[in-house]
Number of protein chains: 2
Amino acid sequence: MTVYTATSLKSELNERGWRLTPQRETILQVFQNLPKAKHLSAEELYHLLQGEGENISLSTIYRTLKLMARMGILRELELAEGHKHYELNQPYPHHHHHLICVRCNKTIEFKNDSILKTGTKTAQKEGYHLLDCQLTIHAVCPMCQRALLPI
Amino acid sequence: MTVYTATSLKSELNERGWRLTPQRETILQVFQNLPKAKHLSAEELYHLLQGEGENISLSTIYRTLKLMARMGILRELELAEGHKHYELNQPYPHHHHHLICVRCNKTIEFKNDSILKTGTKTAQKEGYHLLDCQLTIHAVCPMCQRALLPI
DNA sequence: GAATTGATTGTGTATCATTCTCATTAAAGA
DNA sequence: TCTTTAATGAGAATGATACACAATCAATTC
Ligand SMILES: [Mn+2]
Ligand SMILES: [Mn+2]
Ligand SMILES: [Zn+2]
Ligand SMILES: [Zn+2]
């Protein structure tokens with residue numbers, strides 16, 4: 001949960017024998033400039049880049065998202081929509097969690113400092129190297145409670 | 001997060017105009033008799049039932065898992081394996097969370113009472129009806145840290 | 001307890017997110 | 001600049017999950 005720049009990304013990649021490519025740099029930039037509370041799926045990122053004239057293949061998008069999640073740069077979110085979403089994995093005080101309506105997928109972000117502390121302590125206790133720590137609350141939003149729809 | 005019996009399941013289903021079927025009752029029983037810290041995927045549940053001579057179709061398995069998750073009977077877990085896992089959604093003091101190695105998928109359960117309190121409070125504050133609340137820690141286990149494998 | 005109704009099931013098929021293959025390209029280091 | 005090999009792009013393959021629809025049967029009514 002560090003703040004990355006192109007330079008620090010490059011050195012961390014090179015340390016492991018990997019490379020900084022224009023594609024990887026561009027994708028990191030997109031996430032760094034994303035508005036607060038905005039999450040992107042692979043497909044959404046692909047189309048966003050297309051719109052900016054950046055032709056990065058969908059394969060590379062998928063590979064890069066997975067790589068950056070495994071490095072702890074991005075967080076992989078399961079927002080009850082059948083595909084993954086990603087956002088920058090930010091440290092305190094930007095670290096936050098998600099409250100999701102399982103019916104309409106409306107998502108609310110919220111903060112709670114003690115959760116990251118719990119996560120850090122738990123990982124440490126077991127000797128795990130922490131990448132991400134997210135509280136996910138599945139619930140039914142007020143609107144969907146009123147609409148008496150079948151599940 | 002209630003403890004369900006066949007009878008309470010039946011009344012809750014009937015309240016909504018739905019039915020208790022032998023398939024649904026059997027599937028609930030499987031989860032109730034599952035050993036601690038055991039999680040099942042749709043496919044695993046299917047084969048477990050086949051082994052017991054219960055021929056419930058894979059479609060029904062998927063439908064039932066989704067139904068019971070939306071009712072709050074089961075929790076849907078994303079254990080970094082490319083498919084969902086399910087377990088009984090148990091109240092305090094059995095409620096727990098997961099620490100997952102993103103490389104080998106080794107999963108450790110841990111408890112922390114304050115998290116459920118945070119989840120309950122957050123949902124209530126926003127007027128959401130709570131179904132489940134899970135802290136997921138993504139990390140790299142000690143063994144996988146030593147094995148210097150490519151991500 | 002028979003008839004009615006529509007929710008549920010099983011089978012097969014469709015969908016779609018994600019991964020894989022492989023030839024080509026291009027970072028990194030010497 | 002040259003060499004090595006990681007990374008990319010394009011398309012095909014995979015696999016988890018959803019869907020369509022005819023047949024079944026759980027719940028309710030008479
Ligand atoms: Mn977020
Ligand atoms: Mn568990
Ligand atoms: Zn909703
Ligand atoms: Zn591991």
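So that the names make sense, note that chain A is the first sequence line, chain B the second, and so on, each numbered from 1.
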Checking contacts here: which listed nucleotide (dG10(C), dA27(C), dT18(C)) is nearest the side-chain heavy atoms of P22(A)?
dA27(C)
Checking the side chain of Q134(A) only, and the main-chain atoms of E76(A) only, is there a donor and an acceptor separated by less than 3.5 Å?
yes
Closest nucleotide of DNA chain D for H83(B) versus for L20(B): which of these residues is on the 5' side?
H83(B)
Look at the side-chain N and O atoms of Q23(A) and state whether any lies under 4.0 Å from the OP1 or OP2 oxygen of dG9(D).
yes
What is the distance, to the nearest angstrom, from the CG atom on L45(A) to the C1' atom on dA17(C)?
15 Å
Candidate list H97(B), K36(B), H96(B), test side chain to side chain donor-acceptor pair (under 3.5 Å), partner E109(B), passing option
H96(B)
Is the shortest side-chain N/O distance from Y62(A) to OP1 or OP2 of dT19(C) below 4.0 Å?
no
Output yes when at least one side-chain N/O atom of K10(B) is less than 4.0 Å from OP1 or OP2 of dA26(D), else no.
no
L65(B) has an atom CG; how far is it from atom C1' of dT9(C), in whole Å?
15 Å
R19(A) backbone acceptor or donor facing R24(A) side chain under 3.5 Å
yes
What I want to check is whether an N or O donor and acceptor connect the side chain of S59(B) with the base of dT11(C) at under 3.5 Å.
yes
Interatomic spacing from CG in L99(B) to NZ in K106(B) - rounded to 0.5 Å
9.0 Å
Length of the line joining E76(A):CD and dA17(C):P, which is rounded to integer Å:
15 Å
Where each residue is assigned the nucleotide of DNA chain D containing its nearest heavy atom, which of L58(B) and T60(A) is assigned the position nearer the 5′ end?
T60(A)
Rounded interatomic separation in angstrom, taking CD from E44(A) and C1' from dC16(C)
15 Å
Given that E43(A) and R63(A) both sit by DNA chain C, which one's nearest nucleotide is further toward the 5' end?
E43(A)
Separation of dA6(D) P from L13(A) CG (nearest whole Å):
13 Å
Using a cut-off of 4.0 Å on non-hydrogen atoms, how would the nucleic acid contact of T21(A) be classed: base, sugar-phosphate, or nothing?
sugar-phosphate
Would you kindly give the CZ-to-P distance between R16(B) and dA27(D), to the nearest whole Å?
16 Å
Does R24(A) reach a base, just sugar-phosphate, or nothing at all? Heavy atoms under 4.0 Å.
sugar-phosphate
Answer with yes or no whether R19(A) presents, from its side chain, a donor or acceptor under 3.5 Å of a partner atom in the base of dG29(C).
no
Verify the contact: side-chain N or O of K66(A) to OP1 or OP2 of dT19(C), cut-off strictly under 4.0 Å; return yes or no.
yes
May I ask you to decide if N105(B)'s main-chain N or O and T107(B)'s side chain share a donor-acceptor pair within less than 3.5 Å?
yes
Rounded off to whole Å, could you give me the CD1-to-C1' distance for the I27(B) and dT9(C) pair?
11 Å
Let me know the distance between CG of N14(B) and C1' of dA26(D), rounded to the nearest Å.
9 Å
